Amino acid sequence: MIVGIDLGTTHSLIGMHGADGPVLFPNPHGQVLTPSAVSVADGAVLVGQAARDRLVSHPGDSVAHFKRWMGTDRETRLGSHRFRPEELSALVLRALLADAEAALGHKVEEAVISVPAYFSDAQRKATRTAGELAGIRVERLINEPTAAALAYGLQEREREGRILVLDLGGGTFDVSILELFDGIVEVHASAGDNFLGGEDFLQVLAHAFRQDMKLDPATLDASEQAQLLHRLEQLKRELSARSAVDLQLTLGGRELHWHMDEARYAQLCEPLLQRMRTPIERAIRDARLKPEALDDIILVGGAARMPMVVRLATRMFGRLPLRHIHPDQAIALGAAVAAGMKARDSALREVVLTDVCPYTLGTQVSRMGPDGKERTGYFHPIIQRNSVVPVSREDVFHPVHAEQKVLRFDVYQGESPTVDRNIKLGELQIPLTNHGNADRSVTTRFTYDVDGILQVEVTENATGKRHELVLEQNPGVLAPDQIQQRLQALQALKVHPRDHQPNIALIARTERLYSEHVDQREQLQGWLLQFREALESQDTQRVERHRRELGRALDELEGLQ
Ligand code: AMP
């Protein structure tokens with residue numbers, strides 16, 4: 001059984017391809033979106049909603065947004081444990097797999113996992129390692145925009161086509177152009193803004209609220225700030241469905257009333273909408289396309305639900321974007337379709353998926369300045385960003401000085417003209433043996449394959465002598481023996497059982513509200529005590545009743561009813 005997984009920054013989802021198409025598996029709360037958050041409580045690991053609530057009440061023991069650190073060595077301390085980003089991702093994967101296995105009644109052994117199109121080799125390898133640490137074989141990594149296109153069934157079309165995928169998540173904005181032809185889906189160009197997402201739109205509302213209410217943020221304590229943001233997040237989501245929303249809340253002893261309509265909200269967000277245009281235009285330019293040449297525009301990511309984003313896409317391309325599949329489920333459904341293809345589900349046409357090299361790869365060179373002085377530290381691209389892989393490119397280099405004995409190749413990835421702002425991948429020193437020769441040039445070939453392995457081959461042109469460097473082991477990527485060690489350590493970790501999750505999550509939510517609502521602390525503590533008592537009684541009916549009542553009371557407190 002192969003499942004499809006969207007391992008997202010804010011949420012993760014798991015699904016499979018069933019008889020009637022892709023389906024998603026619910027978590028113990030009955031929801032298909034599981035927050036990508038991990039917390040350690042009483043020495044055991046918690047994943048999902050409870051962990052997200054504990055970010056507020058137990059920040060030192062909880063973590064989220066670790067997808068951003070994939071491919072780095074950054075470690076997070078939770079309780080007495082330290083975790084690498086791929087280990088945190090593995091814990092999320094394990095929780096998702098437990099949900100799928102509970103629904104299916106048998107073990108899941110393989111998965112297709114989606115990754116952003118711009119993910120580097122190190123980030124892709126870290127994602128594969130996360131799968132391994134979660135005890136599954138990662139059949140394939142699929143680019144998120146490709147998954148979105150599969151969810152819409154665009155691969156089934158007979159004719160060729162070009163699709164633009166706009167993905168506006170919580171913290172990032174990704175733009176990709178896909179090309180479909182002869183059953184092949186190819187990522188043609190990808191661009192994005194790693195610091196633009198739904199969170200920024202929330203900050204616009206927070207700023208407007210403080211200005212309108214003449215509220216000095218310094219007068220609010222941390223719990224009031226958290227409460228305000230929580231209410232504004234609800235308001236933001238409501239503005240995706242209604243043209244105006246009224247907000248009432250008590251802050252610092254003041255009763256506040258606020259009215260916001262969608263038109264004003266969109267006007268306030270104009271600078272963010274302008275910023276969204278830049279990567280869209282860059283992707284179109286990189287793909288050497290005219291906007292009219294695009295056949296479809298797909299909107300994905302929770303924040304793409306905002307009407308202003310739909311209007312932006314409609315205005316830029318003169319047609320309505322596709323968005324009838326839930327924008328926060330499209331990638332997971334597409335990963336499930338890809339999983340179905342892998343399992344050779346006869347209902348699906350086989351599609352070949354190709355990838356691009358998401359970054360420019362090149363070497364450091366010296367350049368002669370206008371003053372005749374030589375300056376080093378310049379980046380010389382050999383494989384340009386968005387080249388379809390496998391790809392092989394070569395270039396000829398000459399030593400700068402006639403008497404030079406060694407030629408040094410520093411290999412970099414990145415988009416900056418100077419190497420100090422790119423990432424160094426490795427180096428190769430070539431002893432120049434051909435002193436007597438007039439031709440002291442070398443030919444350098446970069447070959448990048450589908451598994452993200454870069455081979456650098458340097459040939460001395462006069463003698464034909466070859467030197468080689470294979471860049472496989474990136475910094476920030478674990479070696480196989482290290483993976484085995486980490487696997488054992490993770491297996492020894494205690495995990496809160498899946499069927500206790502709804503109760504644990506309710507306690508975590510009550511504790512979050514306790515830290516957010518100073519005025520209601522006594523009441524919240526009382527409820528917590530009653531609920532714990534019910535749990536200790538082990539009387540299922542009593543627990544059930546208390547859970548319903550407490551859930552309702554908390555909804556009311558959060559203004560959800
Ligand atoms: P994702 O990373 O796709 O889960 O996106 C999460 C982001 O989408 C967060 O910033 C949410 O605030 C935002 N979001 C989710 N639902 C809505 C909605 N109905 N309207 C506006 N923004 C939303």
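Model, not experiment: these values are computed from the prediction. Both ligands and their constituent atoms are indexed starting at 1 by order of listing. The basis for the numbers below is simple: all heavy atoms, side chains too, and nothing from hydrogens, waters or symmetry mates.
Taking Arg498 as the reference, Asp99 meet the salt bridge (charged side-chain N to carboxylate O under 4.0 Å, His left out) condition, with sequence neighbours excluded.
Around ligand 1 you find Thr10, His11, Gly169, Gly170, Gly198, Glu199, Glu233, Lys236, Arg237, Ser240, Gly301, Gly302, Ala303, Arg305, Met306, each with a heavy-atom distance below 4.0 Å.
Of the possible polar contacts, one joining the Ser36 side chain to the Gly8 backbone as a donor-acceptor pair under 3.5 Å is found.
Counted by atom type alone, Ser243 and Asp261 present zero donor-acceptor pairs between their side chains at under 3.5 Å.
Arg137 has no carboxylate O lying under 4.0 Å from a charged side-chain N of Glu109, or vice versa, which leaves the two without a salt bridge. Ionic pairing of Glu87 and Arg94 is not present here: no N-O contact between side-chain nitrogen and carboxylate oxygen is shorter than 4.0 angstrom.
The shortest side-chain heavy-atom distance between Phe119 and Glu144 does not fall under the 4.5 Å cut-off.
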